[in-house]
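Remarks on the structure that follows.
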Amino acid sequence: MAKMQEWELRIEEASEKLNLKWYRNEDKYSDGDVENDILKYIAQNESEDYGKVIEDHFSWPVFYHLTHIRKNLLNWYPFKEGASVLEIGSGCGAITRLLCDKCRKVTAVELSRRRATATQLRCRGKNNLEVIAGNLNDIEFAEKFDYITLIGVLEYQGEFTEGKNPYRDFLMKIKSLLNEGGKLLIAIENKYGAKYWCGAVEDHSGIPFDGLNQYELSGGKVRTFAKAELEELLEESGYEDSFFYFPLPDYKLPVVVYSEKYMPENEYMENMLPYYIPSDQTLFIKEKGLYKDMIENDVFGFMANSFLVECSAAPEKAADGKEERVIFALLNSYRKSKYRIGTLIEDSGKVVKFALESGPVIHSHLRAVLENTKRMESRGLAVLPHRMDGNRLLTDFVSFPTLEDVLREAAVRKDKDLIWKLWDHLLEQIEMSSDEADEKSCIMYDLELDEYRENNGYGRILKKGYLDMVPRNCFVREGEYVWYDQEWLMDNIPSKFIWLRGMLITYDRVSELLELIPREELVDRYGLYDCLKIMDPFTELFESTIQDTNRLEYFSERTLGINEDIYINNIKKIMAE
């Protein structure tokens with residue numbers, strides 16, 4: 001017999017640690033043999049960074065089970081200190097390790113022994129975890145829990161729970177396992193999600209428009225719910241209070257989380273990128289194009305792709321009678337791990353920046369934002385006050401419009417004179433932020449993006465240049481520019497380059513501005529040709545420094561390459577038939 005390799009021994013050891021008392025020796029749910037590969041990759045990888053594995057062995061199951069983006073569903077959620085949590089349906093442990101980091105004790109239940117082994121192995125070194133293989137309906141627990149998570153699980157209870165109303169019965173059983181004041185967290189697709197109207201196949205049946213047709217084709221043993229249906233089901237099951245979050249693009253791979261207390265105001269939804277599990281045969285509508293009308297017609301909650309619902313049998317109130325919670329989260333998970341920062345808004349009025357990954361490097365990056373703000377203030381610029389609270393960076397929530405908002409409003413009114421004034425003042429602010437360096441020291445020459453020559457169009461060369469002095473990071477308070485969220489600092493950078501960068505970012509987000517003043521007119525008016533010609537190579541270089549190569553957009557490109565032709569060609573097929 002061949003000697004077992006080290007990774008094989010790790011798998012065997014993890015399997016032996018499982019609680020198998022309730023296991024029936026059958027795995028009813030699986031992605032197939034690829035799970036053996038995933039188990040192997042986990043065993044061979046010492047850390048939680050699977051970027052290289054995804055790159056080398058790319059497929060949807062490998063990407064889905066191993067990408068760090070999965071953690072975004074709950075890495076912002078304020079679990080109470082010292083809490084216990086029951087994770088029902090841990091899968092391959094994509095979120096389990098996060099729960100172990102946040103909570104005192106974690107009990108993970110998984111139907112499949114292979115997946116349960118992956119969970120145990122992925123969390124090796126965590127002493128606050130018990131992994132149970134088996135069906136929750138069979139298990140007898142000796143304790144109750146502060147939190148219970150149902151992530152992609154409720155929709156399967158028509159198949160795994162017996163009875164006339166399996167969804168209600170399952171939720172009632174779970175309620176009996178909650179401590180007083182405990183919370184249930186449910187993540188589930190929305191039956192009427194925008195992606196399904198666009199033609200994406202139903203996630204569980206693989207049939208396009210299945211949920212919209214009330215599951216007549218698939219039979220509905222596995223099904224999701226509309227928002228009102230889910231609210232009614234929760235109420236019937238004894239949950240007195242529910243609060244809805246809307247993860248985008250969905251709960252599987254969220255990059256931004258809105259809530260019923262903080263809904264999107266326009267279609268520029270913080271880098272939200274629609275994606276589709278590989279299938280391009282049934283897409284007829286561009287999902288991104290729907291959101292403007294969804295928001296303006298107040299149907300965003302009805303058509304959001306999925307829900308994260310916080311449920312309480314008897315909601316716990318804060319001392320002042322007001323329940324405190326996070327109402328918005330933005331997760332910059334497209335970056336390399338040392339730059340991954342999240343931003344959340346609490347309904348108490350605080351805005352919090354926090355590290356999505358652990359380690360001193362990323363905490364140092366957060367503190368650098370505070371230092372940048374202090375330096376800008378010392379130069380006479382108005383800034384939003386920042387303060388550190390441990391490893392969290394805090395500011396107060398303000399309701400002033402951003403400079404981007406003001407530019408959009410001016411473009412809607414076709415007030416070009418005001419737009420020119422706003423752009424002029426932005427350049428004044430940028431040049432005010434730093435002392436001037438010698439023009440020959442320009443960073444663009446060191447980076448070999450350009451050669452030195454007299455009378456170039458770069459403007460002043462700033463000793464310290466803040467790349468995030470862009471309109472979306474600037475509030476306008478009674479005409480005064482107030483800066484915040486200044487992450488990136490670069491030495492010896494042209495003032496006009498930062499200025500143009502802000503203009504181009506704004507043009508990408510404000511269609512009204514582009515319609516009123518073409519980019520060419522902007523560049524010509526201010527003589528920005530030299531800056532423009534190096535913008536693309538600089539952006540590529542900058543992004544290669546900070547961006548993760550396994551971003552969600554790369555997944556979309558590698559599976560579908562979604563473009564105009566897909567939608568147009570599918571529509572033509574229907575018309576031809």
Side-chain angles (χ1 to χ4, degrees), residues 20-35 60-61 64-65 86-95 108-119 131-141 148-177 184-193 196 200-226 229-230 232-234 236-237 239 250-252 277 279 305-309 311:
L20 300 174
K21 180 178 180 179
W22 314 100
Y23 183 60
R24 294 184 180 181
N25 293 312
E26 55 181 3
D27 292 353
K28 293 184 177 181
Y29 188 81
S30 170
D31 280 325
D33 290 342
V34 69
E35 290 188 4
W60 164 249
Y64 172 69
H65 286 292
L86 172 62
E87 182 187 22
I88 302 175
S90 64
C92 291
I95 296 177
V109 175
E110 173 52 49
L111 271 170
S112 158
R113 181 172 181 172
R114 182 166 56 183
R115 288 189 172 196
T117 302
T119 296
V131 182
I132 304 174
N135 188 326
L136 179 92
N137 293 309
D138 299 332
I139 301 172
E140 296 177 7
F141 294 94
I148 297 177
T149 65
L150 282 182
I151 300 171
V153 172
L154 179 60
E155 55 266 44
Y156 290 96
Q157 296 320 302
E159 185 173 329
F160 294 110
T161 299
E162 299 177 355
K164 292 183 178 180
N165 196 331
Y167 303 98
R168 184 191 63 193
D169 295 346
F170 186 67
L171 288 170
M172 291 180 69
K173 175 179 175 62
I174 289 171
K175 185 167 67 71
S176 71
L177 297 174
L184 168 64
L185 300 173
I186 300 174
I188 188 171
E189 286 86 0
N190 175 11
K191 182 172 74 173
Y192 292 125
Y196 294 140
V201 297
E202 212 278 347
D203 286 63
H204 310 93
S205 69
I207 299 173
F209 309 108
D210 196 21
L212 303 183
N213 283 310
Q214 311 308 315
Y215 297 98
E216 288 185 5
L217 291 173
S218 66
K221 288 284 282 186
V222 180
R223 58 153 302 173
T224 59
F225 305 89
E229 287 178 314
L230 188 53
E232 183 178 357
L233 175 61
L234 289 168
E236 289 177 353
S237 304
Y239 296 88
D250 63 13
Y251 83 82
K252 292 184 179 72
I277 294 173
S279 174
N305 281 332
S306 61
F307 309 123
L308 172 65
V309 194
C311 318

Residue pair E189, Y196: steps toward the side-chain hydrogen bond (donor to acceptor under 3.5 Å, both in side chains) verdict: CA-CA 10 Å; E189 286 86 0; Y196 294 140; 5.1 Å; no

Atom NZ of K21 with >12 non-hydrogen neighbours under 6.0 angstrom: no

Nearest heavy-atom contact between A133 and L20 is CB-CD2, 3.8 Å

For T161 and G158, indicate whether the former's side chain and the latter's backbone hold a donor-acceptor pair under 3.5 Å. no

Between atom CD of E202 and atom CG of N213, what is the distance when rounded to the nearest 0.5 Å? 11.5 Å

With heavy-atom distances below 4.5 Å as the criterion, would you say the side chains of L233 and R168 are in contact? yes

Please step through side-chain hydrogen bond (donor to acceptor under 3.5 Å, both in side chains) for the pair S218 and S205, ending with a clear verdict. CA-CA 6 Å; S218 66; S205 69; 4.5 Å; no

Is there a side-chain hydrogen bond (donor to acceptor under 3.5 Å, both in side chains) between N190 and S306 once you walk through the steps? CA-CA 5 Å; N190 175 11; S306 61; over 6 Å; no

So with a 6.0 Å cut-off around CD of E236, is the heavy-atom count from everything else above 12? yes

Do E155 and Y167 get their side chains close enough for a donor-acceptor pair, meaning under 3.5 Å? no

Test: D203 and K252 ion pair at under 4.0 Å: yes

Can you list everything that forms a salt bridge (charged side-chain N to carboxylate O under 4.0 Å, His left out) with D138? Sequence neighbours excluded, please. R24

Decide if atom CD of Q214 counts as having more than 12 heavy atoms of other residues, nucleotides or ligands within a radius under 6.0 Å. yes

I'd like to know whether I186 forms a side-chain contact (heavy atoms from CB on, under 4.5 Å) with T149, so could you lay out the CA-CA distance, the side-chain angles of the two residues, the decisive distance to 0.1 Å, and finally the verdict. CA-CA 6 Å; I186 300 174; T149 65; over 6 Å; no

Can you name the closest pair of heavy atoms from V153 and G89 and give their distance? CG2-CA, 3.9 Å

Criterion side-chain contact (heavy atoms from CB on, under 4.5 Å) on L86 and F141, from CA distance to verdict: CA-CA 10 Å; L86 172 62; F141 294 94; 4.0 Å; yes

Can E87 and V109 be said to form a side-chain contact (heavy atoms from CB on, under 4.5 Å), step by step? CA-CA 6 Å; E87 182 187 22; V109 175; over 6 Å; no

Rounded to the nearest 0.5 Å, what separates atom CD1 in I148 from atom CG in L136? 8.0 Å

Test of ring centre spacing under 6.0 Å for F170 and F160: no

So L308 and Y251, do their side chains get closer than 4.5 Å, heavy atoms only? no

Might you point out which heavy atoms bring V131 and A116 nearest each other, and give the distance in Å? CG1-O, 3.6 Å

Applying salt bridge (charged side-chain N to carboxylate O under 4.0 Å, His left out) to R223 and E229, what does each step give before you reach the verdict? CA-CA 12 Å; R223 58 153 302 173; E229 287 178 314; 3.5 Å; yes

Distance, nearest 0.5 Å, that separates CZ of R113 from CG of N25: 7.5 Å

Report yes if some heavy atom in the side chain of I88 is under 4.5 Å from a heavy atom in the side chain of I174; otherwise report no. yes

Tell me, with the steps shown, if Y215 and T224 meet side-chain hydrogen bond (donor to acceptor under 3.5 Å, both in side chains). CA-CA 9 Å; Y215 297 98; T224 59; 2.8 Å; yes

In sequence, state the C-alpha distance, the side-chain angles, and the governing distance for W22 and E140, and then conclude on side-chain contact (heavy atoms from CB on, under 4.5 Å). CA-CA 9 Å; W22 314 100; E140 296 177 7; 3.9 Å; yes

Let me know which of L171, N137, D169, V222 forms a side-chain contact (heavy atoms from CB on, under 4.5 Å) with Q157. N137

Rounded to the nearest 0.5 Å, how far apart are NZ of K175 and OG of S237? 8.5 Å

CG of L184 to CG of L234, rounded to nearest 0.5 Å, is 7.5 Å

Out of curiosity, C92 SG to R115 CZ, how far, rounded to the nearest 0.5 Å? 5.0 Å

